[in-house]
Amino acid sequence: MTEQVNPEASVDAPHIDENHVIAERRDKLKAMRDQAKLTNSAVFPNDFKPEHKAAALHAQYDNFDKETLDPQAIPVSIAGRMVLKRVMGKASFATIQDATGRIQLFVNKENLADANSEAIYESFKHWDLGDIVGATGALFKTKTGELSVKVSTLRLLTKSLRPLPEKYHGLQDQEIKYRQRYVDLITSEDTRNTFKARSQVMAAVRGFMTNNSFLEVETPMLHPIPGGASAKPFSTHHNALDMQMFLRIAPELYLKRLIVGGFERVFEINRSFRNEGLSVRHNPEFTMMEFYAAYTDYHWLMDYTEQCIRAAVIAVHGTAVITYDGKEVDLSQPFERLTIVGAIQKYAPQYTLAQLNDATFLRAEILKHGSKPFDHAGLGALQLALFEETAESQLWQPTYIIDYPVEVSPLARASDANTEITERFELFITGREMANGFSELNDAEDQAARFHAQMKAKEAGDDEAMYYDADFIRALEYGMPPTGGCGIGLDRLVMLITDSPSIRDVILFPHMRAES
RNA sequence: GGGGAGUUAGCUCAGAUGGUAGAGCAGUGGACUUUUAAUCCAUUUGUCGCGGGUUCGAUCCCCGCACUCCCUACCA
């Protein structure tokens, strides 16, 4: 805790966004401080302990009729932020909001128990929307049937110095919603519900994993060698060790070390960091679950991932058929599985199979779509590029794409039937990549060779190519059992489940440029 | 990185074809003892994002910049 400072002194300190409304509230607070000095009482008291919550009271008493409820005079104590206020001479209504919902207070001078009721009522009239209040009283129903608290004691617990957004339209400015999430949360039930759903998703996923004998682990966020994905890392420096470190781009290589160590099923839910562009589906730090299971392969992973996602959707919605951006997404049926070429044939049928196996044709076609030309791409990588240009965005219903080429999958096990492709899949829903998994490469010598190839690519200018991780190779040399591993982008899963158009809508404090 | 849209009172938004701006909410004063975005009367508040240019005069036209949103690119 910080040291106590003289509040009188801080009043003169520079403040941002000051305006006359705030100045008036500061004046009110100053008057409160002066008054508190006289009566030796606290301006910001912390001794009021509410015993009830708005939603629970509504759940319990909304269906009571007035004749039954009023005579019981059920005593309650409740606290929250005052969000609406209607003063009518000698009687007033105020609506307060707590973590669970809203409830109406009926404040009438004659009902106030305090000997000083006249003064309390007069000061209440000058409290502001946004102030935190505590009240005790008896439950009753108004003549329109709304459950309310007939207030007998009323206290201002926290003075609010800043005006709330417009009480009907709320906060509309998207920038302020992201930058000042606290205001967004006060104002928007939609926003509150989105983050409650996010919490439910996390709990459902975690529960699904532990129920299937997975061990939750935490591996380093600071990596001496960034690995496990093709991405540009954030770089930092550790002073005591005097070494460069990177914020992790993926936990993969550490989790596989744990499989080597004998934990046969592990998962981690945590942040990864990628120093790349921001978009409606990319935040520099994002939350991913990666999980690894020994003696499984990518077929098992697809079945399992599907069940996990379905469980998360049902945990929030109670059904696996939901709506995203106005269109239905059906997660109740087995997810479709298509090869890269198969997906192109289905969603871009203008191409013949001969064309899809013609590297020269593919190269020209990809250039036509405005994608960057790449010199060393093999047939598989060219097919993948065309898939991304033509088919990917159309994969609205859950679809697994399989048979990724070895050259873009340096950590995946090659297919026994075709050494050019790997036992790998990516899951797409609403045209977005949601998950990526594969049978893990557990041949230490093959992995070492693939790392060497990545180093060559890096020397040739590919700054997203992987580094050679000698300790990871050493771990594989001890022997890693055959293993399946998968990463699920949880922010994107929450986007899907909460029908959110932007990843920023599911991250409490998304990164923004510095305020000027 | 490239393209498009936006930025007016604390909040939600109008607005003028160039003559320095309004409404509602919030605030303030008043009326009102069952309101529901309470109502009624009165009333305060603005570097019209920032910097240049054109002009007698720019919040409006032109140029540049900043920030936001959307699309696009890299990626999950």
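- Phosphate contact (OP1/OP2 of U68(B), side-chain N/O of Arg504(A), threshold under 4.0 Å): absent.
- Among U35(B), G10(B), U12(B), the nucleotide with an atom closest to any side-chain atom of Arg86(A) is U35(B).
- Between the side chain of Ser148(A) and the backbone N or O of Phe140(A) there is no donor-acceptor pair closer than 3.5 Å.
- With a cut-off of 3.5 Å on both Watson-Crick or G-U wobble distances, the partner of U68(B) is given as A5(B).
- A donor-acceptor contact shorter than 3.5 Å links the side chain of Thr100(A) to the backbone of Ala54(A).
- Proximity of the aromatic rings of Tyr304(A) and Phe208(A) is defined here by a centroid distance below 6.0 angstrom, and this criterion is met.
- The residue from Leu386(A), Ile401(A), Asp403(A) that alone fulfils the side chain to side chain contact (heavy atoms under 4.5 Å, CB included) condition with Ile340(A) is Ile401(A).
- Salt-bridge formation is not detected for the pair Lys177(A)/Asp173(A): no Lys NZ or Arg NE/NH1/NH2 atom is positioned less than 4.0 Å from an Asp or Glu carboxylate oxygen.
- Nucleotide C32(B) holds its C1' atom 14 Å from the CD atom of Glu122(A), rounded to whole Å.
- The listed nucleotides are A37(B), U28(B), U34(B); the one nearest the side chain of Lys143(A) is U34(B).
- In this structure, the CD1 atom of Ile186(A) is 14 Å from the P atom of C11(B), given to the nearest Å.
- Looking at the side chain of His169(A), the nearest of the listed nucleotides U28(B), U12(B), C69(B) is U12(B).
- For Met82(A) and A26(B), the CE to P distance is 12 Å, given to the nearest whole Å.
- With hydrogens and angles ignored, no donor-acceptor pair closer than 3.5 Å exists between the side chain of Glu146(A) and the base of U35(B).
- Residues Gly170(A) and Gly145(A) each lie close to RNA chain B; by heavy-atom proximity, the contact nearer the 5' end of the strand is made by Gly170(A).
- Toward the 5' end of RNA chain B, the nearer of the two residues Glu392(A) and His20(A), judged by each one's closest nucleotide, is His20(A).
- The Glu166(A) side chain lies nearest to C11(B) when the options are C32(B), C11(B), A26(B).
- Considering only the side chain of Met512(A), U68(B) comes nearest among C32(B), U68(B), C74(B).
- Nearest to the side-chain atoms of Arg513(A) among the listed nucleotides U68(B), U34(B), A37(B) stands U68(B).
- Looking at the side chain of His126(A), the nearest of the listed nucleotides U34(B), C74(B), G29(B) is G29(B).
- At distances below 3.5 Å, not a single donor-acceptor pair connects side-chain atoms of Asn283(A) with backbone N or O atoms of Phe286(A).
- A close approach under 4.0 Å does not occur between any side-chain nitrogen or oxygen of Arg162(A) and OP1 or OP2 of A26(B).
- Comparing atom distances between the Gln172(A) side chain and each of U34(B), C13(B), G10(B) picks out C13(B) as nearest.
- Regarding Ile96(A), its CD1 atom lies at a distance of 16 Å from the C1' atom of U35(B), rounded to whole Å.
- Among the heavy atoms of the strands, none lies under 4.0 Å from Tyr121(A).
- The listed nucleotides are C70(B), A37(B), U35(B); the one nearest the side chain of Ser502(A) is C70(B).
- Residue-level contact check: Met288(A) touches neither bases nor backbone, having no heavy atom under 4.0 Å from any strand.
- Across every strand in view, A42(B) sits in a pair with U28(B) that passes the Watson-Crick or G-U test at under 3.5 angstrom.
- Ranking C67(B), G10(B), A37(B) by closeness to the Val21(A) side chain, first place goes to G10(B).
- OP1 or OP2 of U34(B) has not a single side-chain nitrogen or oxygen of Lys66(A) nearer than 4.0 Å.
- The partner of G51(B) is C63(B), judged by Watson-Crick or G-U wobble contacts that both fall below 3.5 Å.
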